Amino acid sequence: MPATELTVTPSGQVAGKHLLIPSGPEGTFYPHIQDWVTAQRKAGKAVRDVSSGVLVKGIKQWAAYEHKVGGKTVRTVFKIT
């Protein structure tokens with residue numbers, strides 16, 4: 001399942017899920033989402049799938065992951081094509 005990294009902006013909550021709105025140009029394309037996950041794990045980052053807790057406006061299929069960078073949590077969202 002090919003995936004493209006998205007830039008998103010949080011926009012509150014809907015039905016207990018975080019609503020994200022695509023807000024910038026599309027980022028890196030990956031032939032499979034697992035390529036990104038594998039690269040993160042090889043770099044020693046603990047990545048966790050949070051797709052069930054978010055909604056992405058205008059996108060039918062997405063995947064969302066969180067990992068820590070310093071003391072900050074970074075959320076990375078992908079559009080599945």
Side-chain angles (χ1 to χ4, degrees):
M1 90 178 93
T4 305
E5 194 170 351
L6 294 176
T7 303
V8 294
T9 302
S11 184
Q13 289 195 347
V14 174
K17 297 183 178 189
H18 297 277
L19 177 63
L20 305 173
I21 299 174
S23 61
E26 292 184 352
T28 308
F29 173 81
Y30 295 93
H32 197 282
I33 190 72
Q34 194 62 36
D35 296 338
W36 181 84
V37 173
T38 301
Q40 297 302 308
R41 290 192 174 151
K42 282 184 180 178
K45 296 178 184 174
V47 178
R48 137 180 117 110
D49 187 355
V50 294
S51 300
S52 62
V54 300
L55 295 172
V56 182
K57 184 177 180 178
I59 306 294
K60 291 182 181 179
Q61 284 189 302
W62 66 86
Y65 293 90
E66 284 185 349
H67 62 277
K68 299 268 186 184
V69 175
K72 186 177 176 183
T73 300
V74 175
R75 184 178 292 150
T76 306
V77 179
F78 297 93
K79 175 174 73 171
I80 308 297
T81 53

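Computation of the quantities below employed the complete heavy-atom set of this structure, encompassing side-chain atoms and omitting hydrogens, waters and symmetry-equivalent molecules. Sequence positions, counted from 1, serve as the residue numbers for this chain. Predicted model only: the values in this text are computed from it and were never measured.
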Review point. So how far is it from I59 CD1 to L6 CG, rounded to the nearest 0.5 Å?
Key: 5.5 Å
**Study point:** Pairwise side-chain contact, V50 with Y65, heavy-atom cut-off 4.5 Å (strictly under)
**Key:** no
Side chains of residues 69-81: which donor-acceptor partners sit under 3.5 Å, not counting sequence neighbours?
residue	atom	partner	partner atom	Å
T73	OG1	K68	NZ	3.4
R75	NE	E66	OE2	3.4
R75	NH2	E66	OE2	3.1
K79	NZ	E26	OE2	2.6
T81	OG1	P2	O	3.4

Study note, to complete from the structure: Here the pair of heavy atoms bringing A3 nearest to I33 is CB-CD1, 3.9 Å
Revision key, fill the gap. When every non-hydrogen atom of V54 is compared with those of A64, the smallest separation belongs to CG2-CB, 3.7 Å
Practice item. Report the residues that fulfil side chain to side chain donor-acceptor pair (under 3.5 Å) with T38, sequence neighbours left out, ordered by chain and then residue number. Key: none
Review point. Can you name the nearest heavy-atom pair linking G27 to T4, along with the distance?
Key: O-CG2, 3.8 Å
Exercise for review: Please collect all salt bridge (charged side-chain N to carboxylate O under 4.0 Å, His left out) contacts where either partner lies in residues 3-21, sequence neighbours excluded, each pair once.
Suggested key: none
Point to revise | Residues forming a side chain to side chain donor-acceptor pair (under 3.5 Å) with T9, sequence neighbours excluded | key: S23
Review point. Among pairs that include at least one residue of residues 51-63, which meet side-chain hydrogen bond (donor to acceptor under 3.5 Å, both in side chains), considering only residues two or more places apart or in two chains?
Key: D49-S51
Review point. Does the pair V47 and W36 meet the rule for a side-chain contact (heavy atoms from CB on, under 4.5 Å), with working shown?
Key: CA-CA 10 Å; V47 178; W36 181 84; 3.8 Å; yes
Exercise for review: With sequence neighbours excluded, give me every salt bridge (charged side-chain N to carboxylate O under 4.0 Å, His left out) pair touching residues 30-40.
Suggested key: none
Review point. Do the side chains of Q40 and H67 get nearer than 4.5 Å, heavy atoms only?
Key: yes
Review point. Would you say the side chain of L19 lies within less than 4.5 Å of the side chain of P10, judging by non-hydrogen atoms?
Key: no
